[in-house]
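Below is one structure, written out as structure tokens; the observations come after it.
Residue numbers begin at 1 in each chain, while the letters A, B, ... track the order of the sequences.
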Protein chains: 2
Amino acid sequence: MSKDDARNRILDAAGPVFAAKGYRAATVREICEKAGMNVASVNYYFGDKENLYVETIKRVRPPRIEEKLQGAWSTETSPADKLRDFIHAMVRALCGAEMFPWLPELLKREIANPTPACEGLLQEPFFANFDLLQSILVEILPPDTPPHKRHQIAFTVIGQCVHFRVSRKIAAMLIGSDEFEAHYGPDEVATHISRVCLAALGLAPPIVEPGRKRDQV
Amino acid sequence: MSKDDARNRILDAAGPVFAAKGYRAATVREICEKAGMNVASVNYYFGDKENLYVETIKRVRPPRIEEKLQGAWSTETSPADKLRDFIHAMVRALCGAEMFPWLPELLKREIANPTPACEGLLQEPFFANFDLLQSILVEILPPDTPPHKRHQIAFTVIGQCVHFRVSRKIAAMLIGSDEFEAHYGPDEVATHISRVCLAALGLAPPIVEPGRKRDQV
DNA sequence: CATTGTATCAAACGAGTGTTTTAAGTCAAT
DNA sequence: ATTGACTTAAAACACTCGTTTGATACAATG
């Protein structure tokens with residue numbers, strides 16, 4: 001087995017374990033066992049556990065929304081459509097339909113309790129996504145909107161996307177798992193968030209179905 | 001020192017430690033040291049570490065929004081005002097201006113990674129707050145709104161409140177700590193969330209200032 | 001005062017952890 | 001065939017953790 005093979009086998013095993021249990025509770029013994037390697041191999045290939053964790057995160061660069069969809073936009077794409085696309089891409093990314101199904105869980109942990117060693121690694125994609133969202137909002141908002149308001153709106157958008165992912169368990173508990181499985185797929189969630197945000201920004205009618213409203217003032 | 005005094009001293013010390021480090025990383029040694037007690041006292045008074053954790057959470061019942069403000073509502077209070085009040089109370093509760101400043105941090109951990117032993121304990125206040133919010137939404141939404149839509153809207157409200165609290169660190173990182181400290185106090189955050197939600201529900205104009213919009217269709 | 005029950009403490013135990021050591025194995029180049 | 005660097009494997013090490021133990025101090029009780 002080549003050196004890189006061994007490294008990758010350990011990294012492949014480490015990702016899910018770190019994601020499932022967190023840095024501290026994950027043990028190198030379990031990781032090595034799942035990788036079919038000896039306990040000492042982590043230290044041989046990565047020096048120590050912490051560096052293995054850093055390398056694990058380095059390998060799975062968090063998704064950059066920009067790369068996924070900005071190519072699909074033309075100059076005539078409306079800001080509203082861009083915002084919709086952004087939200088859909090973000091929700092999908094957070095739900096983890098990608099190569100590493102455990103990545104969202106790991107990101108969740110890093111968002112809630114950042115590991116000092118990895119703060120820098122995760123900053124970059126966060127900044128990139130945040131900037132992309134802001135560039136969309138700049139197109140939507142009046143030119144003299146103060147930056148802090150634009151930022152707050154950006155957090156409103158991102159916050160909902162993140163929350164629908166992070167609070168899965170509690171959400172399922174509150175509404176029952178039947179309804180959860182029926183109505184909280186990525187597309188439905190993204191559509192809901194898009195409607196809320198576009199309505200709040202005045203780019204779409206309020207989210208109550210038109211003509212059904214009880215008493216419109 | 002009486003038995004209850006000793007118990008309380010340990011509980012007082014345990015809260016912040018559990019909140020800061022999580023159940024697993026928190027050590028009974030550190031807790032006992034901060035409580036000025038011997039290492040063995042945790043087992044003497046609480047049996048084991050897990051039970052100490054359960055008792056810690058039992059003692060700090062998460063805040064119930066209802067108790068704080070429903071008394072202030074009359075029959076003429078508009079649903080929009082109720083929603084505003086709810087959001088303000090929730091944000092303030094999550095920011096932890098109360099007796100246990102470390103409670104929000106601990107709740108954050110339990111939301112992201114529920115401890116089996118405490119799931120039941122936290123369910124009740126969550127259910128209560130969720131129900132209160134829904135009763136407000138019932139007044140706002142058309143009578144034939146399907147329940148799952150109402151639930152999604154409720155999560156939009158709660159999600160933003162939670163997110164602005166949970167993602168503090170990352171938010172401060174993205175926008176800079178100066179702007180964060182200037183514009184992310186409980187009142188300002190709650191006002192922002194209220195505006196977004198009321199606008200999305202058609203109970204207030206869109207959040208861009210009236211008359212400033214670039215191109216209204 | 002002697003006894004009993006409670007509270008505290010230092011010390012140690014046993015399990016689990018990351019890490020190191022040491023020796024054996026592998027394999028290509030000489 | 002031999003060398004020598006690289007890799008694997010088993011064991012042990014050093015440390016931390018939760019927990020237990022046994023001794024001690026002390027107050028209440030008869």
- [ ] Give the rounded distance in Å between these two atoms: CG of B:N38 and P of C:dT8.
- [x] 9 Å
Open item on the list: Of the options D:dC17, C:dT19, D:dC6, whose atoms approach the side-chain atoms of A:V39 most closely?
Closed with: C:dT19
TODO: Using a 4.0 Å heavy-atom cut-off across all strands, classify A:A25 as base, sugar-phosphate, or nothing.
DONE: nothing
Open item on the list: Would the base of C:dG16 count as contacting A:R29 through its side chain, where contact means a donor and an acceptor less than 3.5 Å apart?
Closed with: no
- [ ] Output yes when at least one side-chain N/O atom of A:Y44 is less than 4.0 Å from OP1 or OP2 of D:dT8, else no.
- [x] no
Open item on the list: Please confirm whether the ring centroid of B:H163 lies under 6.0 Å from the ring centroid of A:H163.
Closed with: no
Open item on the list: With a 6.0 Å cut-off on the ring centroids, do A:Y53 and A:F46 count as close?
Closed with: no
TODO: Quickly work out the A:K49 NZ to C:dG18 C1' distance and round it to whole Å.
DONE: 8 Å
Open item on the list: Under 3.5 Å, is there a donor on one side chain and an acceptor on the other for A:H151 and B:E179?
Closed with: yes
Task: Chi angles and distances behind the side-chain contact (heavy atoms from CB on, under 4.5 Å) call for A:I153, A:L201 - done: CA-CA 9 Å; A:I153 296 169; A:L201 290 168; 4.2 Å; yes
Task: Spacing of B:Y53 atom OH relative to D:dT19 atom P, expressed in whole Å - done: 15 Å
Open item on the list: Any side-chain to backbone donor/acceptor pair from A:T115 onto A:C118? Under 3.5 Å, distance only.
Closed with: no
Task: Protein-nucleotide distance (B:I10, atom CD1; D:dG18, atom P), rounded to Å - done: 14 Å
Task: Interatomic distance, B:N8 CG vs C:dA7 P [rounded to whole Å] - done: 14 Å
- [ ] Choose from D:dT19, D:dC17, C:dG18 the nucleotide whose nearest atom is closest to any side-chain atom of B:V28.
- [x] D:dT19
TODO: Would you indicate which nucleotide in D:dA10, D:dT21, D:dT19 comes nearest to any side-chain atom of B:A40?
DONE: D:dT21
- [ ] Check the distance between C:dG18's P and A:F18's CZ and give it to me in whole angstrom.
- [x] 9 Å
Task: Atom-pair distance (CG on B:N43; P on C:dC9), nearest Å - done: 14 Å
Task: Value in whole Å for how far the C1' atom of D:dC17 lies from CG of B:D48 - done: 14 Å
Open item on the list: Tell me whether the side-chain N/O atoms of A:Y45 come closer than 4.0 Å to OP1 or OP2 in D:dT8.
Closed with: yes
Open item on the list: Taking the nucleotide of DNA chain D with the nearest heavy atom to each, does A:S41 or B:G47 sit closer to the 5' end?
Closed with: A:S41
